[in-house]
Amino acid sequence: MTLYPSSTQEIPLVGPVPRHIAIIMDGNGRWAKKRFLPRVAGHKRGVETVREIIKACVERGVSYLTLFAFSSENWRRPQEEVSFLMQLFLRALEEEVAKLHEKGIRFRVIGDLSRFDPQIVSLIRRGEELTTGNASLTLTVAANYGGRWDILQAMEKLLAARPEKRSGFTEADLAGHLALNYGPEPDLFIRTGGEQRISNFLLWQLAYSEFYFTETLWPEFDTAALDQAIASYQQRERRFGRTSEQIHSDITSPNPEASVSSSTAKANA
Ligand code: IPE
Ligand code: IPE
Ligand code: MG
């Protein structure tokens, strides 16, 4: 069971700082191409951005950061690029996990790990175990992840857990088996690199996330760029299906129940 209610079932608590930021880190290849470098140089440089953005999220009090590192469709890329990405992931696991632990960061990976080298899988599992008690930020890396894969695997787990049940499932039943069942749904979804699409990222969990697209290529996305995304988020009115008038009348209402939901009205309330 997920600890966090579904945004379609209950209006989530919303504060000025997004509790969960999910990012499609796109544009590495184009960054490299602009510099007449091989595409993989962009991926290497992208790792530096990852470090900076993790640090900035910790400093800003973000509780969950989810980064799309490799999609279930990225296997379609040239073999050399896929191998380079795997090597880069392996090296990052070897070098970065201890540093994350020192900073009190909890590390998780979501995705279908069955296609990964056993060495990578064991480093992931060790990293997750090592950092499991940490609470400053939960960093999730989505690797060989696809939103459709996630929904299907959740459905299979749900059916295995309740073999007698044939109907009457709730959203919470399914969400409890999604790969990200340990966190709230993303408040803010960012995609760098200019494309305006989800590319099979968190299909279920993005139902009520605020979307932010930027032309900035991932290797150039820095703390200031993150702050711009958060500032844009703070201007949004998160209505979750309600009218703007309802939200504003909630804010002035003396009813204690209404004042709870007033904190859900505007991201910068
Ligand atoms: C994102 O950058 C990184 C991965 C998908 C692994 P890209 O490699 O997609 O960069 P562009 O989109 O080609 O510039
Ligand atoms: C999405 O980027 C996946 C990651 C950033 C890991 P892609 O570059 O693979 O997305 P498309 O193919 O342009 O949609
Ligand atoms: Mg791309």
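Here the structure is a predicted model, which means the values were calculated and not measured. For the numbers below, each heavy atom of this structure counts, side chains included, while hydrogens, waters and symmetry mates do not. One is the number of the first residue; the rest follow in order along the sequence. Atoms within a ligand are numbered from 1 in the order they appear, just like the ligands themselves.
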A.B. asks: Would you mind telling me if ligand 2 is within reach of the side chain of Arg77, the backbone, both or neither, using heavy atoms under 4.0 Å?
C.D. replies: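 Side chain only.
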A.B. asks: Out of curiosity, is Gly27 lining ligand 1, as in a heavy atom under 4.0 Å away?
C.D. replies: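 Right, Gly27 reaches ligand 1.
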A.B. asks: Mind running side chain to side chain contact (heavy atoms under 4.5 Å, CB included) on Leu90 and Asp117 for me, showing each step along the way?
C.D. replies: CA-CA 9 Å; Leu90 180 67; Asp117 193 279; over 6 Å; no
A.B. asks: Heavy-atom contacts with Met25 under 4.0 Å: which atoms of ligand 1 show up? List them by number with element.
C.D. replies: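 Those qualifying, in numeric order: 1 (C), 2 (O), 3 (C).
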A.B. asks: Any heavy atom of Arg191 closer to ligand 2 than 4.0 angstrom?
C.D. replies: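 True for this residue.
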A.B. asks: Do Leu139 and Ile54 have side chains that get closer than 4.5 Å, going by heavy atoms?
C.D. replies: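 Leu139 vs Ile54: side chains touch.
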A.B. asks: Do Arg39 and ligand 1 have an N or O pair less than 3.5 Å apart?
C.D. replies: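 N/O-N/O distance below 3.5 Å exists for this pair.
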A.B. asks: With a 4.5 Å cut-off on side-chain heavy-atom distances among I, L, V, M, F, W and Y, is there a chain of contacts connecting Ile23 to Trp31?
C.D. replies: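 Different clusters.
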A.B. asks: Return the closest protein heavy atom for atom 14 (O) of ligand 2 as residue, atom name and distance.
C.D. replies: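 Sorting protein heavy atoms by distance from atom 14 (O) of ligand 2 puts Ser199 OG, 2.6 Å first.
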A.B. asks: Residues in side chain to side chain donor-acceptor pair (under 3.5 Å) with Asp187, at least two apart?
C.D. replies: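 Here the qualifying residues are Arg238.
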A.B. asks: Measuring only between side-chain heavy atoms, which start at C-beta, is Thr223 closer than 4.5 Å to Arg60?
C.D. replies: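 A side-chain contact under 4.5 Å exists here.
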A.B. asks: Heavy-atom pairs closer than 4.0 Å: do any link ligand 1 to the side chain of His43, the backbone, both, or neither?
C.D. replies: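 Near ligand 1, His43 shows its side chain, while the N, CA, C and O stay back.
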A.B. asks: If you take the nearest heavy atom of each of Val40, Asn74, Asn28, which one is closest to atom 3 (C) of ligand 1?
C.D. replies: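 Looking at heavy atoms only, the winner is Asn28.
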A.B. asks: Below 4.0 Å, non-hydrogen atoms only: which portion of Leu217 touches ligand 1? Side chain, backbone, both or neither.
C.D. replies: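 Looking at Leu217 and ligand 1, no heavy atom falls under 4.0 Å.
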A.B. asks: Transitive ILVMFWY cluster of Leu88 at side-chain heavy atoms under 4.5 Å: who else is in it?
C.D. replies: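 For the cluster that includes Leu88, the remaining residues are Val40, Val47, Phe84.
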A.B. asks: Is any side-chain heavy atom of Leu203 closer than 4.5 Å to a side-chain heavy atom of Asp150?
C.D. replies: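 Leu203 does not reach Asp150 side chain to side chain.
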A.B. asks: Number the atoms of ligand 2 from 1 as they appear, then name those within less than 4.0 Å of a heavy atom of Ile24, with their elements.
C.D. replies: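 This gives 1 (C), 5 (C) as the contact atoms.
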A.B. asks: Please determine whether side-chain hydrogen bond (donor to acceptor under 3.5 Å, both in side chains) holds for the pair Ser63 and His20, giving the CA-CA distance in whole Å, both sets of side-chain angles, and the decisive distance to 0.1 Å.
C.D. replies: CA-CA 6 Å; Ser63 303; His20 183 176; over 6 Å; no
A.B. asks: Answer with side chain, backbone, both or neither: which part of Ala69 has a heavy atom less than 4.0 angstrom from an atom of ligand 1?
C.D. replies: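 The answer is the backbone.
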A.B. asks: Quiz question: by atom type and distance under 3.5 Å, do the side chains of Arg191 and Ser199 form a donor-acceptor pair?
C.D. replies: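 The criterion, which ignores hydrogens and geometry beyond distance, is satisfied for Ser199 and Arg191.
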A.B. asks: Numbering the atoms of ligand 2 from 1, which are under 4.0 Å from a heavy atom of Asp26?
C.D. replies: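 Every atom of ligand 2 under 4.0 Å from some heavy atom of Asp26: 2 (O), 8 (O).
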A.B. asks: Using a distance threshold of 2.8 Å, what protein N/O/S atoms lie below it relative to the Mg ion (ligand 3)?
C.D. replies: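 As for protein N, O or S atoms lying under 2.8 Å from the Mg ion (ligand 3), they are Asp26 OD1.
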A.B. asks: Ligand 1 versus Glu73, non-hydrogen atoms closer than 4.0 Å: side chain, backbone, both, neither?
C.D. replies: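 No part of Glu73 is near ligand 1 at this cut-off.
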A.B. asks: Checking Trp149 against Asn144: is there a side-chain donor and acceptor pair closer than 3.5 Å?
C.D. replies: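 No, because no side-chain N or O of Asn144 sits under 3.5 Å from a partner of the opposite role on Trp149.
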A.B. asks: Does ligand 1 have an atom that lies less than 4.0 angstrom from a heavy atom of Lys33?
C.D. replies: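 Flag not set, Lys33 not near ligand 1.
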A.B. asks: Do protein heavy atoms approach atom 12 (O) of ligand 2 to less than 4.0 Å?
C.D. replies: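 No; the ligand atom in question lacks any protein heavy-atom contact below 4.0 Å.
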A.B. asks: Between Leu206 and Pro186, what is the shortest heavy-atom contact and its length?
C.D. replies: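 Answer, listing the atom of Leu206 first, then Pro186: CD2-CG, 4.0 Å.
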A.B. asks: Run through Phe89, Phe201, Trp75, Tyr145 and flag the one making a ring pair (Phe, Tyr, Trp, His ring centres under 6.0 Å) with Phe70.
C.D. replies: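 For Phe70, the ring pair (Phe, Tyr, Trp, His ring centres under 6.0 Å) check succeeds only for Trp75.
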A.B. asks: Working note: Thr140 + Thr138, criterion side chain to side chain contact (heavy atoms under 4.5 Å, CB included); need CA distance, chi angles, decisive distance, verdict.
C.D. replies: CA-CA 6 Å; Thr140 300; Thr138 297; 4.0 Å; yes
A.B. asks: Would you mind listing the cluster partners of Phe36? Hydrophobic ones only (ILVMFWY), side-chain contacts under 4.5 Å, chaining allowed.
C.D. replies: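 Answer for Phe36: none, a lone residue.
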A.B. asks: Quick one: which of Trp218, Tyr145, Phe201, Phe68 has a heavy atom closest to atom 6 (C) of ligand 2?
C.D. replies: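 It is Phe68 whose heavy atom sits nearest to atom 6 (C) of ligand 2.
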